[in-house]
Amino acid sequence: MNKTLQLKSLKIFFSLLAICLCFSACQEENDQVSEPNSEATLVANTTLPRLMERMTLLDGSADNIIDNANCFLVDLPVTVAVSGTTVVVNSTNDYGAILELLNQSNDETVAITYPITIILSDYTEVIIENQAQLLAQITNCAGPNQPDIDIECIDFQYPFSIAVYDINFEVIETVNITHDEVLYYFLETLSDGILASINYPINLIQADGTIISVNTNEALEAAIAAAEDTCDEDDDNNYNDGDCTQAQVTENLMDCFWRITDLDGNTQLIYEFYFNADGSFTFSTEPTSSTVYEGNWEVTTSQGNLVLNISNVSANITSFNGSWIIDECSENQLLLHSGNQEVTLQKSCENFTPFECFDNITTTICDEGNPYDGFVEMNLEELFILNVVCTQNYTFGFYETQADANNEVNTIIPTAYTNLTQQQTLYLRIEDINGTFQIYTITITVEDCCTNTTILTDDLILYMPFSNEVKDLVSNWESNESYNYVSDRAGNATCAIAFNGNEAVEIPVTTANQIVQGDAFTVSLWFKMQNTDPANYEILFQKGAAVSEGFQLSVFDLNTPVFSDADSGYGLWDDPWNMDANLPTDTTNWHHLVVTVDASNTVRLYRDGIQRNVDLNATINIGNTPLMNYILGNGFEGHLDDIRVYKVALNPNDVSTLYTLEADCNNCL
């Protein structure tokens, strides 16, 4: 079936549907009875159907190489000629042949053999007898890269269905929506009083290929409105011109540097622009100029166009300020215009001198040490040399004073330098192959950048968040063994540790973190089981290297949490655990486990913020010797996270606070 017959069939189908609905109240049998979902009902002449209709309009820009019109398509096949060579266009695959002929010819005219049929944005077909009639139709279209009504930056993922109701709110038809034309004609029937609702969920495809799912009219309307002007709709007259995305242009501008090779026909300018990741840029009027100008930049999308916004350029070159629409782009060139001004930017990775590659720098470096002291060992070469792209040969040296840099004495060893003050200026000497040199300043401020909220950190003697490392943030002890890291309870990647049942972590006991009989203490941790064998005894945390030493916080007998000592055989169980049918085999959910022992030997066991058992003045005996190690994961198959040990018995409010703390990936305290 050709496109004309398809369109007529669709029109007939939806006309009959509208007629049937007029008599549907007399039907005695219906498909199903259901109240329309108010969150899915489509109401004629409201915002959502209008947005949906704009999405379904036929995009006429695909064949602009033939007709130079964005709002209609030429129905194929069609015969055209370029410089006397005839091409029969049977499909869109033949557009490339036209482009090849245009590239080989100085004539940019595509001559069409009439009559032809064009398909308008509303799928109406019009027969065009001659060039004059075609030009008349083109006047109804927006010009190249000008705003138009259709929405091209987001599409429906077909198929999906729409339920149609009669006046008694009974479903009489389920319409399968398979492509834009079907949906366009269905939306047209809403004006005939049809009552319909979308069968959610449905999917939408954004311009970058991202698929999003929506479940209500409100979510659908918000998604369409948000995506409306987020891409380049490619409404120009160039075929397959490699239009770029916002992300591609942004990344490309930061690669090497860019020169203006044409400013309104002036090709003698040598402006050099360096676009920085922080949104700033610098430029000079010639490569060796000591005068450097500054400004700010950002690539955005506006009304379907990619735009380079330039701001805060001062001095006598303020004409660069403004919004520059990107008309054409490639990896090495951008064509832009602002009003009547046109600019060509050309990427260059060739420097005339090494001094173009460097500038004075002010930077902040984080001190995440425990505790913070304002001093950081840093690799100056890695920070300030290796990331510089420069095509000219040079030598460099770092110095602590301007005089040393000028005289080239007392050079700093760059790979392991520790600042002398919390704010310090270093001097970078760059020298070219001819012996000419320049000195650049590097002002470094060392700040405490630790983002740890430090909630309930008093009296901590052990704290291990497992942020892709096995490290105690209290003592700074760190294991040099290799472990497997997994997502924590909030989904933060590599922020929890996984054990396979045959590995463990041994943490040295010190005078600062030791626990002996009579000490008040708390052990808090998060665990997730991966083993459901009810007979396995799996230790989460223990004092000592064996079950005959110290104490253990473990799971046993249907994975039930239990706190026990090694000397008296004492054990305090999470009694409600195995009364729950789901918990013994739960390998999906994280659980928070806390044991507190106070100075009078009262033991309390908490799980998931609730006290599960208590033993007043217990007979527990953890031993009077500190032993050598604390052990994590002995025989344990599962995941552990956020282990905290306190030299105090936390109260129930503190335990509740720990339970409600958001999972984190702290690597400092």
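Please read these numbers as outputs of a predicted model, since none were measured by experiment.
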*Does the pair N666 and D664 meet the rule for a side-chain hydrogen bond (donor to acceptor under 3.5 Å, both in side chains), with working shown?*
CA-CA 6 Å; N666 288 326; D664 58 61; 3.1 Å; yes

*Looking at W577, is R612 sitting on its ring face, NZ or CZ under 6.0 Å from the six-membered ring centre and within 45 degrees of the normal?*
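Not satisfied by the 6.0 Å and 45° rule.
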
Go through the side-chain N and O atoms of [X] and [Y] and say whether any donor and acceptor fall under 3.5 Å apart.
{"X": "K347", "Y": "N252", "answer": "yes"}
{"X": "T445", "Y": "Q423", "answer": "yes"}
{"X": "N582", "Y": "D586", "answer": "no"}
{"X": "N500", "Y": "E637", "answer": "no"}
{"X": "Y463", "Y": "T457", "answer": "no"}
{"X": "H591", "Y": "D608", "answer": "yes"}
{"X": "Y646", "Y": "D654", "answer": "no"}
{"X": "T300", "Y": "N309", "answer": "yes"}
{"X": "S475", "Y": "D472", "answer": "yes"}
{"X": "N296", "Y": "N312", "answer": "yes"}
{"X": "N617", "Y": "N601", "answer": "no"}

Would you say the side chain of [Y] lies within less than 4.5 Å of the side chain of [X], judging by non-hydrogen atoms?
{"X": "V470", "Y": "Y485", "value": "yes"}
{"X": "V645", "Y": "I515", "value": "yes"}
{"X": "D557", "Y": "Y537", "value": "no"}

*Does any N or O in the side chain of D574 come within less than 3.5 Å of the main-chain N or O of T560, such that one atom is a donor and the other an acceptor?*
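Not at all, since once roles are kept as given, no pair shorter than 3.5 Å links the two residues.
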
*asked:* Looking at A649, is its backbone amide N or carbonyl O close enough to the side chain of D598 to form a donor-acceptor pair, meaning the two atoms are under 3.5 Å apart?
replied: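 Not at all, since once roles are kept as given, no pair shorter than 3.5 Å links the two residues.
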
_With a 6.0 Å cut-off (strictly less than), is the heavy-atom count around CD of E382, excluding the residue itself, greater than 12?_
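Open.
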
*asked:* Counting only heavy atoms from other residues, nucleotides and ligands, does the tally under 6.0 Å from CD of Q424 exceed 12?
replied: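 Enclosed: over 12 neighbouring heavy atoms sit under 6.0 Å from CD of Q424.
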
*In Å, rounded to the nearest 0.5 Å, how long is the span from CD1 of I430 to CD of E356?*
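Output value for this atom pair is 13.0 Å.
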
*asked:* Working to the nearest 0.5 angstrom, can you tell me the gap between D359 CG and C357 SG?
replied: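 The distance works out to 11.0 Å.
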
*Please name the residue in the list V376, L380, N379, I444 that meets the side chain to side chain contact (heavy atoms under 4.5 Å, CB included) test with Y417.*
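Filter result, single survivor: L380.
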
*Using a strict 4.0 Å threshold on nitrogen-to-oxygen distance, state whether R604 and D615 make a salt bridge.*
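Answer for the salt bridge query: no.
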
